[in-house]
There are 2 protein chains.
Amino acid sequence: MEDKYAGLKLGNQLCFPLYACSREIVKKYKPYLDELDLTYTQYITMLVLWEHGQINVKELGECLYLDSGTLTPLLKKLETKGWVTRQRAKEDERVLIVTLTEKGKKLRDQAAEVPAKMSCCVKLTPEESRTLYTLLYKMLGDA
Amino acid sequence: MEDKYAGLKLGNQLCFPLYACSREIVKKYKPYLDELDLTYTQYITMLVLWEHGQINVKELGECLYLDSGTLTPLLKKLETKGWVTRQRAKEDERVLIVTLTEKGKKLRDQAAEVPAKMSCCVKLTPEESRTLYTLLYKMLGDA
DNA sequence: TAAAACAAAATTGCACGCAATACAATTGCC
DNA sequence: GGCAATTGTATTGCGTGCAATTTTGTTTTA
């Protein structure tokens, strides 16, 4: 006798632990990011900027899977805090270029400790972490 | 020569693909859930109710890793739509019991097709899905 | 038993996410 | 050149998430 509702059980969902895990981990970042006056979304935005120094909103959105509705107000906050500047590209006025300031670059040194602190919170073996990483990017790649 | 900032690369974060994947999958649910007039969070709430019929806010929050700040307004919306009722427990007036209505129970039949529709979107093999599921719950368990 | 401690929801305030829309600049096409 | 289609951001509105606080009800304890 099949349960026609089996697919609707919370325990049979793949999406739910993904959703719950994501929020739980972000929550664990909070105390460390609070020290830097960064939210999680602002943090991953800064990660991109620390790597690239300069990037426009469209490319940033592609990196982070976020759109201008999320990024525009967020980038204005980062600008207010003095970590980035926002200016239009001369060759195409539609494009907004986000650039790290000196102050923003310095923040990187404080942030450098965050990943090590976080790694203690994740109770997976290095191999499990790699497997998880690979599977997640496989899903994302097909998204 | 080590890169002291290697840990800060977006590509070296385990959290980021988790966060991005979660949002991408929820986005894929949207067209199917729109047909049912449900958001994703409302959907997983209904999953719990379809399984249990009745549950209080605290227990619901433990199931979903959500607190009353999120659940209270959400449950009021489900009540407005006529899918659940909200009433205080007689033995302890602090406890609010959420109960499925007949209309709410009927919604389950429409929702029954959602998991099958979604499974087409996930490009992982059954084995990969199981591995991912196990790893995510391992992380959640230690959370 | 009255006050203190505790517990469950609700409220408040802030920061996303994201769909939908608006707007301005650029490109393509005739 | 001129106009339509396209592109890149910004804006708006709604629904979360969550920390912090408040409210209401219950239990513990002096």
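A note on names: the letters A, B, ... follow the listed sequences, proteins ahead of strands, and every chain is numbered from 1. Since this is a predicted model, take the numbers as computed values, not measurements.
- Checked for salt-bridge contact, Glu62(B) and Lys58(B) meet the test: a charged N lies under 4.0 Å from a carboxylate O.
- Within residues 12-20 of chain B, the residues having any heavy atom under 4.0 Å from DNA chain C are, by residue number, Tyr19(B).
- Against DNA chain D, the stretch residues 89-98 of chain A makes heavy-atom approaches under 4.0 Å through Arg94(A), Val95(A), Leu96(A).
- Side-chain contact check for Lys138(A) versus Lys123(B): every heavy-atom pair is 4.5 Å or farther apart.
- The cluster map of Ile, Leu, Val, Met, Phe, Trp and Tyr, joined by side-chain heavy atoms under 4.5 Å apart, puts Val98(A) and Val95(A) in different clusters.
- Residues satisfying the side-chain hydrogen bond (donor to acceptor under 3.5 Å, both in side chains) test with Asp92(A), not counting sequence neighbours, are Arg94(A).
- In the hydrophobic clustering of ILVMFWY residues, with side-chain heavy atoms under 4.5 Å counting as a link, Val48(B) and Ile97(B) come out apart.
- Around atom NZ of Lys117(A), more than 12 heavy atoms belonging to other residues, nucleotides or ligands sit under 6.0 Å away.
- Running 5' to 3' along DNA chain C, contacts with non-hydrogen atoms of chain A at under 4.0 Å begin and end at dA15(C) to dT26(C).
- Annotation for Gly104(A) and Trp50(A): closest pair O-NE1, 2.9 Å, computed over non-hydrogen atoms.
- Within a heavy-atom distance below 4.0 Å of DNA chain C, the residues of residues 34-59 of chain B found are Asn56(B), Val57(B), Lys58(B).
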Report all side-chain donor-acceptor pairs from residues 31-40 of chain B shorter than 3.5 Å, counting only partners two or more places apart or in another chain.
| from | atom 1 | to | atom 2 | distance (Å) |
| --- | --- | --- | --- | --- |
| Asp34(B) | OD1 | Lys30(B) | NZ | 3.4 |
| Asp34(B) | OD2 | Lys30(B) | NZ | 2.9 |
| Thr39(B) | OG1 | Gln42(B) | N | 3.1 |

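- For Arg108(A) and Tyr5(B), the positive end sits near the middle of the six-membered ring, less than 6.0 Å away and at most 45° from its axis.
- The backbone N or O of Thr41(B) sits less than 3.5 Å from a side-chain atom of Thr45(B), completing a donor-acceptor pair.
- The environment of NZ in Lys9(B) is sparse: at most 12 heavy-atom neighbours from other residues, nucleotides or ligands sit within 6.0 Å.
- Nucleotides of DNA chain D with any atom under 4.0 Å from a heavy atom of chain A span, from 5' to 3', dT7(D) to dA19(D).
- Ranked by how close their nearest DNA chain D nucleotide is to the 5' end, Leu75(A) and Arg23(A) are led by Leu75(A).
- Evaluation of the ring pair (Phe, Tyr, Trp, His ring centres under 6.0 Å) test over residues 85-133 of chain A, restricted to residues two or more places apart or in two chains, returns Tyr133(A)-Tyr137(A).
- For Gln54(B), the side-chain hydrogen bond (donor to acceptor under 3.5 Å, both in side chains) partners two or more places apart in sequence, or in a different chain, are Thr99(B).
- Evaluation of the salt bridge (charged side-chain N to carboxylate O under 4.0 Å, His left out) rule for Glu79(A) yields Arg86(A) as partners, not counting sequence neighbours.
- Helix-axis bend for the helix from dT1(C)-dA30(D) to dC30(C)-dG1(D): the local axis fitted to the five terminal pairs at one end deviates from that at the other end by 10°, rounded to 10°.
- Enclosure of atom CD in Gln87(B) by more than 12 non-hydrogen atoms of other residues, nucleotides or ligands within 6.0 angstrom is indicated.
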Indicate every side-chain donor-acceptor pair of residues 68-76 of chain B with a distance under 3.5 Å to a residue at least two apart or in another chain.
| from | atom 1 | to | atom 2 | distance (Å) |
| --- | --- | --- | --- | --- |
| Thr72(B) | OG1 | Ser68(B) | O | 3.0 |

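- The aromatic rings of Tyr65(B) and Phe16(A) are tilted relative to each other, their planes meeting at an angle between 30° and 60°.
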